[in-house]
Amino acid sequence: MRLAHSLVPTLKETPAEAQIASHRLMLRSGMIRQTSAGIYAWLPSGWRVLQKITRIVREEQDASGSQEILMPTIQSADLWRASGRYDAYGPEMLRIRDRHDREMLYGPTNEEMITDIFRQSVKSYRELPQMLYHIQWKFRDEVRPRFGVMRGREFLMKDGYSFDLSYEDAVVSYRRMMLAYMRSFQRMGLHAIPMQAESGPIGGNLSHEFIILAPTGESAVYYDAAFEEQDWLKSAFDYANPQDLESFFTQITTPYAATDEKHDAADPRWAGLAAERRREGRGIEVGHIFYFGKKYSEPMGLSIAGPDGKPLTPFMGSYGIGVSRLVGAIIEASHDDAGIIWPDSVAPWAAAILNLKQGDAACDAMCEAAYKALGAEALYDDRPERAGVKFADADLSGHPWQIVVGPRGAAAGRVELKRRASGERVELSLEDALAHIREGGLARAG
RNA sequence: CGGGGCGUAGCUCAGUCUGGUAGAGCACAGCGUUUGGGACGCUGGGGCCGGAGGUUCAAAUCCUCUCGCCCCGACCA
């Protein structure tokens with residue numbers, strides 16, 4: 001994208017309302033603009049990040065065997081009366097009426113709807129198990145939206161739902177999602193740790209929050225250093241193999257990990273842990289999965305024929321990832337005083353091309369060549385601005401690579417390549433710079 | 001939902017207490033000088049002071065109502 005005629009309104013000063021780093025940086029780098037309390041418009045760079053995160057989530061969901069669908073944002077109140085949640089949900093649910101005075105609502109989640117859709121079409125035990133997900137905007141009328149997209153009223157969520165014939169099968173589905181989540185977060189450059197959450201309505205231990213580590217996180221977390229050594233992208237667990245999933249689950253739930261609410265210093269896994277293996281940090285919740293059995297399938301009459309011809313009620317679970325929240329969470333986990341430091345996989349553009357002297361024939365030609373070579377993964381700063389402005393904006397926006405083209409270097413056929421994360425700068429030919437980017441950021445960004 | 005605060009130019013804010021006809025810096029436009037880490041000078045454009053009512057000769061300023069937004073706390077992807 002050429003910056004001169006693009007809507008990337010960077011700000012030198014911080015808008016008064018932004019308190020936390022990610023909110024400040026998202027506003028300053030021109031990713032978002034607020035339109036109402038807790039509701040944001042996504043501008044080109046922000047939207048690109050959101051799409052990259054979405055794509056990673058989608059790829060990992062698909063790989064795990066979950067099917068993508070898309071359910072509407074507007075739902076009928078009747079559906080929620082069937083599960084008994086219409087009255088229970090409270091003022092967080094945005095309730096609206098259509099022209100015929102029918103009661104509708106903007107979906108805060110989709111358990112009822114997916115159960116309804118499923119029961120309409122699935123009639124036999126032979127069709128189970130199944131896992132479905134969609135990535136759709138949700139609305140929860142939070143009492144107090146804050147922290148920008150980290151806690152908005154309107155937010156993008158991946159919510160998935162599993163349908164199984166038995167508790168044992170549901171456990172397999174649960175573990176499968178857990179693995180998909182760990183892989184997804186790791187691909188985004190995040191250290192995520194599943195922590196046991198409040199038991200669901202059915203009890204048991206099948207409810208986990210996924211906390212990513214960030215120094216500015218909302219809650220304190222305690223965990224075993226073992227989590228820092230795990231690499232789920234290199235692991236060879238097979239989604240189709242329940243034994244694999246069990247050993248994965250054991251591996252990830254055995255080391256100690258707890259939020260401050262559930263932290264138990266007397267737990268032998270913590271008390272017995274060597275001091276240098278104990279980690280205390282802060283975290284942000286970016287996902288939550290739980291098993292809830294027949295909580296919805298039963299009251300909503302989801303019933304299928306079992307092997308003996310008798311009706312059978314499936315066991316369900318649901319699995320959420322806060323996709324738009326992740327944008328903020330990643331920034332919280334990865335920024336410095338100058339601005340954002342995007343992990344390669346979610347950066348809006350792999351590289352920024354900084355033309356330090358717009359109008360200089362050599363600079364222009366070299367920048368155009370770089371832009372042509374990188375294509376859609378490049379942001380070409382072709383604004384008639386001074387060098388300092390371009391440097392500052394590039395650092396603020398956090399592009400993993402910066403190709404700096406100045407008159408002195410351009411005349412000699414050289415550019416400067418800067419790595420945002422390390423600050424490292426090298427002077428080399430354009431061809432070599434492009435090769436570096438392709439090997440590193442671009443290859444991974446796809 | 002309890003507590004606190006703020007709405008004045010695109011942004012950050014002063015002016016409000018003590019009414020007298022709207023300001024600064026940045027941003028934007030033009031010109032000139034500059035030109036590898038947010039340049040400088042000159043000139044210029046831009047605000048019915050969130051909205052409605054009231055008090056007054058006169059309201060950004062005082063009073064009433066209203067809308068919006070933010071912060072702290074209890075709750076959530």
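Just so you know, these numbers come straight off a predicted model, no measurement behind them. Residue numbers begin at 1 in each chain, while the letters A, B, ... track the order of the sequences.
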Within the 6.0 Å centroid threshold, strictly below: [X] and [Y]:
X: A:Phe248; Y: A:Trp232; answer: yes
X: A:His263; Y: A:Tyr256; answer: yes
X: A:Phe155; Y: A:Phe139; answer: no

Enumerate, atom names and distances included, each donor-acceptor pair closer than 3.5 Å involving a side-chain atom of residues 211-222 of chain A, sequence neighbours excluded.
| from | atom 1 | to | atom 2 | distance (Å) |
| --- | --- | --- | --- | --- |
| A:Thr216 | OG1 | A:Glu332 | OE1 | 2.1 |

Considering only the [atom1] atoms, how many Å lie between [N] and [M], rounded to the nearest integer?
N: B:C11; M: B:C17; atom1: C1'; answer: 28 Å
N: B:G25; M: B:C42; atom1: P; answer: 10 Å
N: B:U16; M: B:G73; atom1: P; answer: 32 Å
N: B:A9; M: B:A27; atom1: C1'; answer: 10 Å
N: B:U66; M: B:U43; atom1: C1'; answer: 43 Å
N: B:U18; M: B:C6; atom1: C1'; answer: 23 Å
N: B:G3; M: B:G54; atom1: P; answer: 32 Å
N: B:G45; M: B:A60; atom1: P; answer: 22 Å

Counterpart residues, side-chain contact (heavy atoms from CB on, under 4.5 Å), relative to [X] (two or more places apart):
X: A:Ser83; value: A:Arg85, A:Glu112, A:Tyr296, A:Met300
X: A:Gln358; value: A:Asn355, A:Asp364, A:Tyr380, A:Asp382, A:Lys390
X: A:Glu246; value: A:Arg175, A:Thr250
X: A:Lys158; value: A:Val57, A:Gln61, A:Tyr133, A:Ile135, A:Met177, A:Tyr181, A:Tyr319, A:Ile321, A:Val323

Kindly assign one of parallel, tilted or perpendicular to the pair A:Tyr174 and A:Phe249, based on the angle between their ring planes and the thresholds 30° and 60°. perpendicular

Do the ring planes of A:Phe210 and A:Phe185 sit parallel (below 30°), tilted (30 to 60°) or perpendicular (above 60°)? tilted

Is A:Arg420 close enough and on-axis enough to A:Trp401, meaning under 6.0 Å and within 45°, for cation-pi? no

Under 3.5 Å, which donor-acceptor pairs link side chains of residues 70-79 of chain A to any protein atom two or more places apart or in another chain?
| from | atom 1 | to | atom 2 | distance (Å) |
| --- | --- | --- | --- | --- |
| A:Gln75 | OE1 | A:Trp80 | NE1 | 2.7 |
| A:Gln75 | NE2 | A:Thr109 | O | 3.1 |
| A:Ser76 | OG | A:Asp78 | N | 3.1 |
| A:Asp78 | OD1 | A:Arg81 | NH1 | 3.3 |

Could you list all N or O pairs between the protein and nucleotides 43-47 of chain B that sit under 3.5 Å apart?
none

Any strand is fair game: report the nucleotide pairing with [N] by Watson-Crick or G-U wobble, both distances under 3.5 Å, or none.
N: B:G32; answer: B:C40
N: B:C75; answer: none
N: B:A24; answer: B:U12
N: B:C62; answer: B:G54
N: B:C6; answer: B:G68

Under 4.0 angstrom, heavy atoms only, what part of the nucleic acid is A:Ser36 near: base, sugar-phosphate, or nothing? sugar-phosphate

A:Leu27 atom CG is separated from B:C70 atom C1', nearest whole Å, by 13 Å

Which pairs, protein N/O on one side and nucleotides 28-30 of chain B N/O on the other, fall under 3.5 Å?
none

Does A:Glu424, at its CD atom, have more than 12 non-hydrogen atoms belonging to other residues, nucleotides or ligands within less than 6.0 Å? no

Side chains of A:His288 and A:Ser318: any donor to acceptor distance under 3.5 Å? no

Is a donor on one side and an acceptor on the other found under 3.5 Å between the side chain of A:Ser29 and the backbone of A:Ser397? no

Under the 3.5 angstrom rule, does the side chain of A:Asn110 hit a backbone N or O of A:Met113 as a donor-acceptor pair? no

Checking A:Phe227 now: which residues fulfil ring pair (Phe, Tyr, Trp, His ring centres under 6.0 Å) with it, not counting sequence neighbours? none

How does protein contact run along nucleotides 71-77 of chain B, one letter per nucleotide 5' to 3', with B for base contact, S for sugar-phosphate only, - for none, heavy atoms under 4.0 Å? BBBBBBB

Let me have a per-nucleotide readout for nucleotides 32-39 of chain B, 5' to 3', with B, S or -, counting only protein heavy atoms under 4.0 Å. --B-BBBB

Pick the closest RNA chain B nucleotide for A:Ala37 and for A:Pro15 by heavy atoms, then say which residue is nearer the 5' end. A:Pro15

Protein-nucleic acid N or O pairs under 3.5 Å, nucleotides 14-16 of chain B:
none

